[in-house]
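Here's the structure we're looking at; comments come further down.
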Amino acid sequence: MNGKHIQKLGFEKRAIKLALDAANLREDTGASRQEILDELQAVQNNPTGYLAGGVYAELAAELHEQDQKVVSRQSAALRATPLPYRVWGEDLIDPGAHDQMDVAMRLPVSRAGALMPDAHVGYGLPIGGVLATENAVIPYGVGVDIGCSMMLSVLPMAPGALGTDEARSLLIKHTRFGAGVAFEKRDRLDHEVLHDPAWKEQPLLRHLHPKAAEQIGTSGSGNHFVEFGTLTLKAPDLDLEPGEYLAVLSHSGSRGFGAQVAGHFTTLAQKLHPNLDRAAQKLAWLPLDTHEGEAYWQAMNLAGRYALANHEQIHGRLARALGLKPAAQVSNSHNLAWKQQHGGRELIVHRKGATPAEAGRLGLIPGSMADPGFVVRGRGVEAALSSASHGAGRQLGRKAAINSLAKKDVQAYLEGRGITLIGGGIDEAPQAYKRIEEVIARQSDLVDVVAEFQPRVVRMDTGSEDI
DNA sequence: ATGTCC
C-alpha cells in the first residue's frame with residue numbers, strides 16, 4: 001500500500017497522509033489491500049458516517065472539512081440584479097411570485113429561468129417557477145411534495161356507461177385520502193418501486209421504507225384528487241379514435257416519504273449555507289458533486305418514481321374493479337429536477353409546479369374540481385426551458401378562500417357543471433383558482449392541446465371547511 | 001404537502 005493507491009481513489013492534500021496512516025494500521029491488523037481500499041472508498045463516500053470514532057475518524061474529519069470548504073466557496077453573495085427570465089401570462093401573476101423568482105435568479109448557481117402563467121407564491125421558489133442551475137440542486141426548488149404528479153387512464157368504455165353512484169362507490173372503496181393515511185395490511189399491493197436498491201443505500205431511505213410501503217396507492221390531502229370524467233378527443237391521437245371516453249384522472253405525490261426527504265435535505269442545505277442572504281435562505285442548494293447533493297438526487301428520484309407508482313396503484317385498483325385495461329395512459333411529474341441540456345451545457349432544471357413540455361412530450365394540466373383539465377403536447381420552447389404550467393394556479397390563498405367564498409356559490413358552481421364531490425373543502429373551490437381557459441391561452445406557444453377532460457365524480461380529502 | 005420536530 002502506498003500513496004499512489006490512495007491518490008488513485010481521489011484523496012487530496014492532508015487526506016492522503018491520513019488515509020495512508022489508517023491503511024497502515026489496518027494492514028497491521030491483517031486486512032488485505034482490497035479490503036482497505038474498499039473501506040477507504042466507503043469513508044470517502046460518506047465521511048460523516050465515520051466521524052464518531054475508529055481508525056478512519058481523523059481521515060473522515062479531514063474529508064468532511066474539505067467538503068465544507070467546497071460548499072462555502074460556492075456560498076458567494078447573491079447577484080446584484082436578477083438574470084433575465086421570461087414570463088408567460090404576466091397579467092395573471094401576482095407580484096409576490098415575481099419577487100420570489102427575482103431572488104432565485106440572483107443566486108450564484110442560477111443560469112436561466114421562466115415563470116409559468118399559473119405562478120403564485122410558494123416556499124422559496126414560486127409555484128409555477130422553472131429554475132436552471134449549474135452543478136446545484138435546490139430542495140425547495142423542487143418543493144415539499146417531491147415527485148408530485150398527474151396520471152390519466154383512458155378506459156375503453158363510454159362515459160355514460162358508468163353510473164354516478166357506481167363511480168362514487170368505486171372511489172370510496174379503492175382510494176384513501178388524508179394526511180397520515182395508509183392502507184390496511186390486507187389491502188396493500190406490492191410494487192417494484194418498493195424493491196428499488198436505492199432504499200438500502202441511505203440510512204434515511206432505509207428508515208422511510210416502511211412508511212412508503214404502507215402509504216403506496218394513497219392520495220393524501222390538499223389539492224390531491226382522484227376523479228372519473230369524460231375525455232373528449234377531437235382528432236386521432238394517443239393511439240385512439242376521436243370520441244368520448246370514460247377516463248380516470250389523479251393528482252398525487254410522494255406522501256410522507258417525500259415530505260420527510262424534502263425536510264431532511266432542506267435543513268441540510270440551509271446548514272451548509274449559513275451565510276446565504278436571508279432573502280434566499282429557503283433557496284439553499286446542495287452542490288451536485290458532493291455526497292449531500294448526490295444523496296438528495298438519489299432520494300429525489302426515488303420519490304419521483306414512488307409518486308408515479310402511487311398513481312399506478314390507484315389506477316390499477318379502479319381499472320381492475322371495472323374489469324378493464326386502460327386503452328391509453330399519460331403521466332408526468334411536475335415537482336422535480338431534471339438534468340437538461342440548455343445553451344450547450346448540462347443544467348439542473350427545477351420544475352416546481354411546472355409540466356415538462358419538451359417537443360412531442362405529453363403532459364396533463366388540470367383545471368379544478370369542476371373545471372376541465374387538458375392533455376397537452378409540448379413544443380420544446382427553449383426560453384421556457386421546455387416547460388408549461390402545472391394547473392390553473394391559485395388566485396386565492398387557502399385562508400382567503402375560506403373567508404371570502406360562500407358555500408352556496410361553490411355548490412351552485414358544482415351543480416352547474418354536474419359535479420358529484422366526495423370530500424373537498426372551500427379552500428379547493430373552483431373559485432379559488434385562476435380560469436384554466438385563460439391559463440391555457442397564455443401558453444399556446446408552449447403546448448398544443450390534444451384532448452379535454454371534464455371531471456364528473458371527484459374525490460378529495462375532507463377540507464377544513466366543507467362545501 | 002405533511003400527522004404539522006427524527
Side-chain angles (χ1 to χ4, degrees), chain A residues 48-49 52 100 118-129 138-151 175-184 199 202-226 250-271 282 292 295-296 299-300 302-304 306-311 314 333-337 350-354 366 368-369 390-394 397-399 401-402 423-425 427-428 432-433 459-464:
Chain A
T48 49
Q100 286 190 315
D118 59 340
H120 56 99
V121 172
Y123 284 113
L125 196 65
I127 317 295
I138 303 170
Y140 263 143
V142 168
V144 179
D145 191 5
I146 302 174
C148 186
S149 41
M150 298 295 306
M151 186 177 275
T175 68
R176 296 280 188 288
F177 279 80
V181 300
F183 269 105
E184 306 79 41
W199 292 106
Q202 290 184 44
L204 176 71
L205 298 180
R206 197 186 283 269
H207 169 73
L208 293 173
H209 185 269
K211 181 187 273 288
E214 66 175 25
Q215 292 196 316
I216 195 164
T218 62
S219 292
S221 60
N223 57 6
H224 288 176
F225 61 77
V226 181
S250 58
H251 180 208
S252 185
S254 52
R255 308 293 285 101
F257 158 50
Q260 292 206 28
V261 168
H264 174 84
F265 284 99
T266 293
T267 305
L268 187 59
Q270 292 189 20
K271 278 188 186 153
K282 285 199 161 60
E292 291 84 356
Y296 176 75
M300 177 200 78
L302 182 60
Y306 174 81
L308 289 174
N310 255 350
H311 287 278
I314 293 165
S333 305
H334 53 221
N335 282 12
L336 211 64
H350 303 72
R351 294 191 181 87
K352 186 185 187 180
S368 81
M369 58 167 69
H390 85 308
R394 285 193 164 276
R398 293 187 183 280
K399 277 182 194 162
I402 290 166
D427 49 347
E428 285 297 327
Y433 284 88
R459 185 172 188 193
M460 301 186 82
D461 187 26
T462 311
S464 53

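We use all heavy atoms of the structure for the numbers below, so side chains are in, but hydrogens, waters and symmetry mates are not. The chains referred to below are lettered A, B, ... by the order of the sequence lines, with proteins before strands, and numbering in each begins at 1.
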- Which parts of residues 207-219 of chain A get close to DNA chain B, meaning a heavy atom less than 4.0 angstrom away?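 Listed by number, they are A/H207, A/K211, A/Q215.
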Which part of the nucleic acid does [X] contact within heavy-atom distance under 4.0 Å: base, sugar-phosphate only, or nothing?
| X | answer |
| --- | --- |
| A/G253 | nothing |
| A/S254 | nothing |
| A/Y140 | nothing |

- Query: Excluding sequence neighbours, so at least two apart, what forms ring pair (Phe, Tyr, Trp, His ring centres under 6.0 Å) with A/H390?
  - Reply: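 Applying ring pair (Phe, Tyr, Trp, His ring centres under 6.0 Å) to A/H390 gives A/H334.
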- Has the side chain of A/K352 got a donor or acceptor atom that lies under 3.5 Å from a matching backbone atom of A/Y123?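 Judged by distance alone, yes, a pair lies under 3.5 Å.
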- Task: Hey, could you give me the OG/CZ distance between A/S250 and A/R459, rounded to the nearest 0.5 Å?
- Result: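 One gets 13.5 Å once the value is rounded to the nearest 0.5 Å.
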- Separation of A/N335 CG from A/R351 CZ (nearest 0.5 Å):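 So the CZ of A/R351 and the CG of A/N335 are separated by 11.5 Å.
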- Positional range of nucleotides in DNA chain B within the contact set of chain A, heavy-atom, under 4.0 Å: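 Taking any atom under 4.0 Å from a heavy atom of chain A, the span is B/dA1 to B/dC6.
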Side-chain donor/acceptor pairs under 3.5 Å, residues 255-267 of chain A, sequence neighbours excluded:
residue : atom : partner : partner atom : Å
A/R255  : NE   : A/T218  : OG1          : 2.8
A/R255  : NH2  : A/G178  : O            : 3.2
A/R255  : NH2  : A/V181  : O            : 3.3
A/T266  : OG1  : A/A262  : O            : 2.8
A/T267  : OG1  : A/G263  : O            : 2.8

- Query: With sequence neighbours excluded, what pairs up with A/H224 under the side chain to side chain donor-acceptor pair (under 3.5 Å) test?
  - Reply: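 A/H224: side chain to side chain donor-acceptor pair (under 3.5 Å) contacts with A/D145.
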- A/V226 and A/F177, any side-chain heavy atoms less than 4.5 Å apart: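 In contact.
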- Partner residues of A/R394 under the salt bridge (charged side-chain N to carboxylate O under 4.0 Å, His left out) criterion, sequence neighbours left out: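 Scan of A/R394 (salt bridge (charged side-chain N to carboxylate O under 4.0 Å, His left out), adjacent residues dropped) gives A/E428.
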